[in-house]
Amino acid sequence: MTLELIQGLLLAFALLVILMPPYIRLLQHFGFGKRIREEGPGSHIVKEGTPTMGGLLVIGVAMGLYALLRGFPERGVIPPLAALAGVGLLGGVDDYLNARTGEGISVRQKLLWQTVFALFFAWQIQQTYGLRGFRVPFVGDVFVDPTVYVFFAAFAIVASSNGVNITDGLDGLAGGTLIFAFVSFLIVALLNVPAQPNIAFLCALIIGALLGFLWFNVHPAQVFMGDSGSLSLGAALAVIALITGQIIVLPLIGIIFVVETASVALQVAYFKATHGRRLFRMSPIHHHFELGGWDEEKITLRFWILAILAGLLGVTLFLASIQRLA
């Protein structure tokens, strides 16, 4: 199984690196360039027109290779693949509208569709696996009503999807932190009781494709992930956490996504409560450090380091939980 994971990861990386240059030229030909928000940092103006929608190729390579190497997916791996496809389509529409008009899907409409997708995925997971609870480190399995499970799971999917989307604001930031999160859940899937090799293999393909994407996305980026990648990969990450029974440790493994989202919520709340004062120089918090004088590469690498440490802690908590329950 280890050899198969390595082969899949390397194949996904190689295929992405081969396909990305012509894909970037295709995006440039059709004018799918990123529109930079005027209220963002002034240093980002130079990124105007950089091809976006790179995430579509990431999920396309991962899903295509899974189908090619494993055939028709078994029902246990259908939910994360469905999340990649369904939410990826939603994000792709948003990227298209942003490139064409400068405005994507409205926040309200996007949240509505994310919730619809999330409820469907959560219901499918509950029905497929018969899940009725969550595995809590050092405690054990905590059971809830199936309806409560579905709504909690849907909330986790929407939160993870938007968390990754908010993090995707600096070159290489979202891609790198996603890699460390998926590496953590690859380990979880392999060591789980019982083991989940199909989930681990899908994680390996996503990791390989993201590594290939980072080849072109590190500063200065030649292509952006776009909502097509960040929304779908964030949703798939939460779905995998649910399937492995480790949704409780997802906020730790994805601590960067949590902090980025919390910084936006705190900024808005503080701004309203104080009638116009700001808690951070700018949110999400990576812009706070950017306006404080940190280089973009320094912010990205330091956030990557935190993501690695968080992943190690998350896997440690997972191991503690299965040892207690064994």
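Fair warning: this is a prediction, and the values are worked out from it, not measured in the lab.
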Show your reasoning for whether side chain to side chain contact (heavy atoms under 4.5 Å, CB included) applies to H286 and V259. CA-CA 10 Å; H286 56 255; V259 170; over 6 Å; no

All heavy atoms of S161 vs all of L231, minimum pair found to be OG-O, 2.8 Å

Atom CG in L90, atom CD in Q109: separation rounded to 0.5 Å? 10.0 Å

Joint hydrophobic cluster, L211 plus I206, side-chain heavy atoms closer than 4.5 Å: yes

What residues, two or more places apart in sequence or in another chain, satisfy ring pair (Phe, Tyr, Trp, His ring centres under 6.0 Å) together with W215? none

CZ/F151: more than 12 non-hydrogen atoms of other groups inside 6.0 Å: no

To the nearest 0.5 Å, tell me how far F185 CZ sits from T244 OG1. 5.0 Å

For L191, all residues meeting side-chain contact (heavy atoms from CB on, under 4.5 Å), sequence neighbours excluded: I187, F318, L319

Is it the case that one hydrophobic cluster holds both V164 and L306, taking links as side-chain heavy atoms less than 4.5 Å apart, direct or via other members? no

Looking only at heavy atoms, the pair that brings S232 and A83 closest together is CB-O, 4.1 Å

Just verifying a value: how many Å separate L202 CG and L84 CG, rounded to the nearest 0.5 Å? 6.5 Å

So which pairs with a foot in residues 3-32 pass ring-ring contact (aromatic ring centres under 6.0 Å, His included), sequence neighbours left out? F32-Y96

Is the backbone N or O of E297 less than 3.5 Å from a side-chain atom of T300, with the two atoms forming a donor-acceptor pair by type? no

Do V268 and F271 share a hydrophobic cluster, counting only Ile, Leu, Val, Met, Phe, Trp and Tyr and linking them when any side-chain heavy atoms are less than 4.5 Å apart? no

Could you list the residues that satisfy side chain to side chain donor-acceptor pair (under 3.5 Å) with S160, not counting sequence neighbours? none

For Y149, what residues pass the ring pair (Phe, Tyr, Trp, His ring centres under 6.0 Å) criterion, not counting sequence neighbours? F134

Do F121 and V87 have side chains that get closer than 4.5 Å, going by heavy atoms? yes

Grouping I, L, V, M, F, W and Y whenever their side-chain heavy atoms are under 4.5 Å apart, do I18 and F213 come out in a common cluster? no

Look only at the side chain of S263 and the backbone of E260, and say whether a donor-acceptor pair between them is shorter than 3.5 Å. yes

I need the minimum non-hydrogen distance between M225 and D95, along with the two atoms involved. O-OD2, 4.4 Å

Give the minimum heavy-atom separation between S228 and I59, together with the two atoms involved. O-CD1, 4.2 Å

Ignoring hydrogens and geometry, is there a side-chain-to-backbone donor-acceptor pair from D168 to S230 under 3.5 Å? no

Check whether any side-chain N or O of Q267 sits under 3.5 Å from a backbone N or O of R278 as a donor-acceptor pair, and report yes or no. no

A cation-pi test, strictly: NZ or CZ of R70 under 6.0 Å from the centre of the six-membered ring of F201 and no more than 45 degrees from its axis. Yes or no? yes

Are Q246 and L250 side-chain neighbours, meaning at least one heavy-atom pair lies under 4.5 Å? no

Under the side-chain contact (heavy atoms from CB on, under 4.5 Å) test, which residues partner A200, sequence neighbours left out? L5, L186, A189, L190

CZ of R108 to CH2 of W113, rounded to nearest 0.5 Å, is 16.0 Å

Do I305 and L309 have side-chain heavy atoms sitting under 4.5 Å apart? yes

With a 4.5 Å heavy-atom cut-off, do L131 and I125 have their side chains touching? yes

So do the side chains of L9 and L205 get within less than 4.5 Å of each other, counting heavy atoms only? no

Give the ring-plane orientation class for F180 versus W304, where under 30° counts as parallel, over 60° as perpendicular and anything between as tilted. perpendicular

Flag yes if L233 and L65 sit in one hydrophobic cluster, no otherwise; membership is Ile, Leu, Val, Met, Phe, Trp, Tyr, and two members link when side-chain heavy atoms are under 4.5 Å apart. yes

Which atom of Q28 lies closest to which atom of P51, heavy atoms considered: CG-CG, 3.6 Å

Please answer whether the main-chain N or O of D94 pairs with a side-chain N or O of D227 as donor and acceptor at a distance below 3.5 Å. no

Side chain proximity check, E296 to H219, heavy atoms < 4.5 angstrom: yes

Hey, does T50 have a side-chain heavy atom less than 4.5 Å from the side chain of Q222? no

Once the angle between the rings of F152 and F155 is folded into 0 to 90°, is it parallel (under 30°), tilted (30 to 60°) or perpendicular (over 60°)? tilted

Donor-acceptor pair between N217 and D171 side chains, under 3.5 angstrom: no

Taking the side chain as every heavy atom from C-beta outward, state whether F117 and I157 have any pair of such atoms under 4.5 Å apart. no

Chi angles and distances behind the side chain to side chain contact (heavy atoms under 4.5 Å, CB included) call for L170, F303: CA-CA 11 Å; L170 296 179; F303 277 37; over 6 Å; no

Checking N162 against T261 for the side chain to side chain contact (heavy atoms under 4.5 Å, CB included) test, could you report, in this order, the C-alpha distance in whole Å, the side-chain angles of both residues, the deciding distance, and whether it holds? CA-CA 8 Å; N162 284 308; T261 305; 5.8 Å; no

Closest non-hydrogen contact found for F182 with L210 is CD1-CD1, 4.2 Å

Could you give the distance from CD (Q126) to OG1 (T128), rounded to the nearest 0.5 Å? 9.0 Å

As an exercise, state the distance from CG of L10 to CD1 of I207, rounded to the nearest 0.5 Å. 11.5 Å

Row check, W294 ring normal vs R302 NZ/CZ: under 6.0 Å, within 45°: yes

Verdict with reasoning, H288 to M282, per side chain to side chain contact (heavy atoms under 4.5 Å, CB included): CA-CA 5 Å; H288 170 81; M282 184 178 291; 5.7 Å; no

Backbone of I243 reached by a side-chain donor or acceptor of Q196 within 3.5 Å: yes

